[in-house]
J.: 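Submitted below is the structure of interest, expressed as structure tokens.
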Amino acid sequence: MEFQVLYRPAHSLAICNLEPNETVRAEAGAMVSMTRNINVAAAAKNPNEGGVKSLFKGLKRMALGGESFFTNTYTAMGQPGHVSLAPSLTGDMVVHHLQGEQLIIQGSSYVAAPDSVSIDTQFQGFKGFFSGESLFFLTASGHGPVLMNAFGAIETIDINGEMIVDTGHIVAFTAGIQYSVVKASKGWISSFLSGEGLVLRMQGQGRMYVQSRNPNEYGTAVGALLPPRDN
Amino acid sequence: MQHQLIDTPDFGMLQITFDQPNETIVSESGAMVAMDTGVNMKTSMRGGLLAAAKRKMLGGESLFQNTFTSSGPGQRLFLAPGPEGDLRAMNLAAGQSFFLQSGAYVAHVGEQLNLDTKFGGVKGFFGGVGFFMLKVTGPGTVYYCAYGALHEIDVPPEGYTIDNEHLVGFTEGLQYNVRKFGGFRGLFFSGEGLVCDFTGQGKIYLQTRNAGALASFLHRFRPVKSKG
């Protein structure tokens, strides 16, 4: 299975080519088009999960991960096929090839992965609960490509040591990096006034993916200009 | 008249350079970006009030269209669609038809080119915009836009499935069938997923983003009406 990303960077579209009987799991709503031999199943589950447990995991993902409740599985029946996938907002997509390591993905950045990759919600996502930026992480582990989307462009940053990243700009990072949520400045007031609030202090060695725009900043800037809603 | 599609794919714009006086191009109202002062712009309800009203109400197009007429060689006109994204031209032979999502129409050249609003068959066929689509019949050239990049697909013999919100247009010779998609998704989320199964010989044109998704994202950020 492979992902081919077209129309980068602004309006990217990912073509996922499947061998006969191969499966890809994608965030519900990401499907743009597909060949006719694709069998779609909602409420996807990992091969190592079943029934109620998988439903619970789905709920957990929705509540904590910011990801859609349902992921769909797309299986090419009998012959090769493809599914094309796109995120809802403007921006690039990137593929990270997992080779046994773990990748921690910001909830709304996850798009798709094959069955050989397992996706789970990390409870350390709670750390971000107080940032006001609904920071929740999913953990991808196993072997295979993971497709992620960004709001804006994607920058790949390899670190060995320490770096500060804004919570609204993080897309994903490899598990060799530990993170802690810290104030942007020494004091609470200056942290708030800087417009950065809480930031991530990344420590260790590994790869980070960051997005060049922050969805919350964009939503705040544009949404405030819209007429008020009823509730 | 010469045309050039510039600034594609992200912010496509149509540049027209007129070869001689009295050449015309018709556009959706509001599409004009810039033009030489010698170009004459006339606003009209094409086909009269009833036809225009039908287009407006059923096709989601604007009521008015602008006709640009040159008065000399070398004059320029720039036209652009509202949303960001790609812009393309489709040349149609006499009698050849092309179906467009309402809203994808930007401009056309050709006095005999016919724009007709057609029943789409199923509610929400084009991403909730309406029941209707635009049937464009040549001879002439129609310019159309996509929200995002434009992705072209040759329908394979066994058919092809697309998400309705991403459909821009398709060539004649294709049959389609709309159905619900996404299992339980419709129960929990507004904007139930509809997909369209195409069969036959022809091409489908898709847009890689959809405006509805952006609108729902922004909705959360709208201020909330104060009570009382």
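Lettering follows sequence order; numbering is per chain, from 1. What you see is a predicted model, and the numbers here were worked out from it, not measured in a lab.
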J.: Quick one: are B:F221 and A:Y218 in side-chain contact, heavy atoms under 4.5 Å?
T.: no
J.: Are the side chains of A:M31 and B:H166 in touch, meaning some heavy atoms are under 4.5 Å apart?
T.: no
J.: Output the distance between atom CD1 (A:I38) and atom OG1 (B:T161), rounded to the nearest 0.5 Å.
T.: 9.0 Å
J.: Show your working on side chain to side chain contact (heavy atoms under 4.5 Å, CB included) between B:Q207 and A:L13 and close with a plain yes or no.
T.: CA-CA 9 Å; B:Q207 55 192 6; A:L13 177 76; over 6 Å; no
J.: Start with the C-alpha distance between A:V32 and B:L206, add both sets of side-chain angles, then the distance that settles side chain to side chain contact (heavy atoms under 4.5 Å, CB included), and finish with yes or no.
T.: CA-CA 8 Å; A:V32 173; B:L206 299 175; 4.0 Å; yes
J.: If I measure from the heavy atoms of chain B, does A:A224 come under 4.5 Å with its side chain, its backbone, both, or neither?
T.: backbone
J.: In terms of heavy-atom pairs under 4.5 Å, which option from B:D197, B:L150, B:I162 contacts chain A the most?
T.: B:D197
J.: Under a 4.5 Å heavy-atom cut-off, does chain A meet the side chain of B:R222, its backbone, both or neither?
T.: both
J.: A:R229: which residues meet the salt bridge (Lys or Arg N to Asp or Glu O under 4.0 Å) condition with it, sequence neighbours left out?
T.: none
J.: Output, in order, the C-alpha distance, side-chain angles, deciding distance and verdict of side-chain hydrogen bond (donor to acceptor under 3.5 Å, both in side chains) for A:T35 and B:Y160.
T.: CA-CA 5 Å; A:T35 50; B:Y160 200 75; over 6 Å; no
J.: In the structure I gave you, are the side-chain heavy atoms of B:H219 and A:L226 within less than 4.5 Å of one another anywhere?
T.: no
J.: Pick one of side chain, backbone, both or neither for B:T199, based on which atoms fall under 4.5 Å of a heavy atom in chain A.
T.: side chain
J.: Does atom CD of A:E22 have more than 12 heavy-atom neighbours from other groups under 6.0 Å away?
T.: yes
J.: Would you check if the side chain of B:T208 reaches a backbone N or O of A:H11 as a donor-acceptor pair within less than 3.5 Å?
T.: yes
J.: Answer yes or no: are there more than 12 heavy-atom neighbours, outside B:E158 itself, under 6.0 Å from its atom CD?
T.: yes
J.: What pairs with B:R88 under salt bridge (Lys or Arg N to Asp or Glu O under 4.0 Å), at least two apart in sequence or on another chain?
T.: B:D86, B:E152
J.: Can you tell which part of B:V155 gets under 4.5 Å to a heavy atom of chain A, answering side chain, backbone, both or neither?
T.: neither
J.: To check you understand the geometry: which heavy-atom pair defines the closest contact between B:A149 and A:Y7, and what is its length?
T.: CB-CG, 3.4 Å
J.: What is the minimum heavy-atom distance between B:I153 and A:S33, and which atoms define it?
T.: CD1-OG, 3.9 Å
J.: What residue in A:S84, A:S12, A:S88 has the most heavy-atom pairs under 4.5 Å with chain B?
T.: A:S12
J.: Heavy-atom distance under 4.5 Å to chain B: side chain of A:L6, backbone, both or neither?
T.: side chain
J.: Indicate the atoms forming the closest heavy-atom contact of B:P223 with A:G223, along with that distance.
T.: CD-O, 3.4 Å
J.: Using modelled atom types and a 3.5 Å cut-off, is there a donor and acceptor pairing between side-chain atoms of B:R220 and backbone atoms of A:G219?
T.: no
J.: Might you confirm whether atom CZ of B:R76 has over 12 heavy atoms from other residues, nucleotides or ligands at distances under 6.0 Å?
T.: no
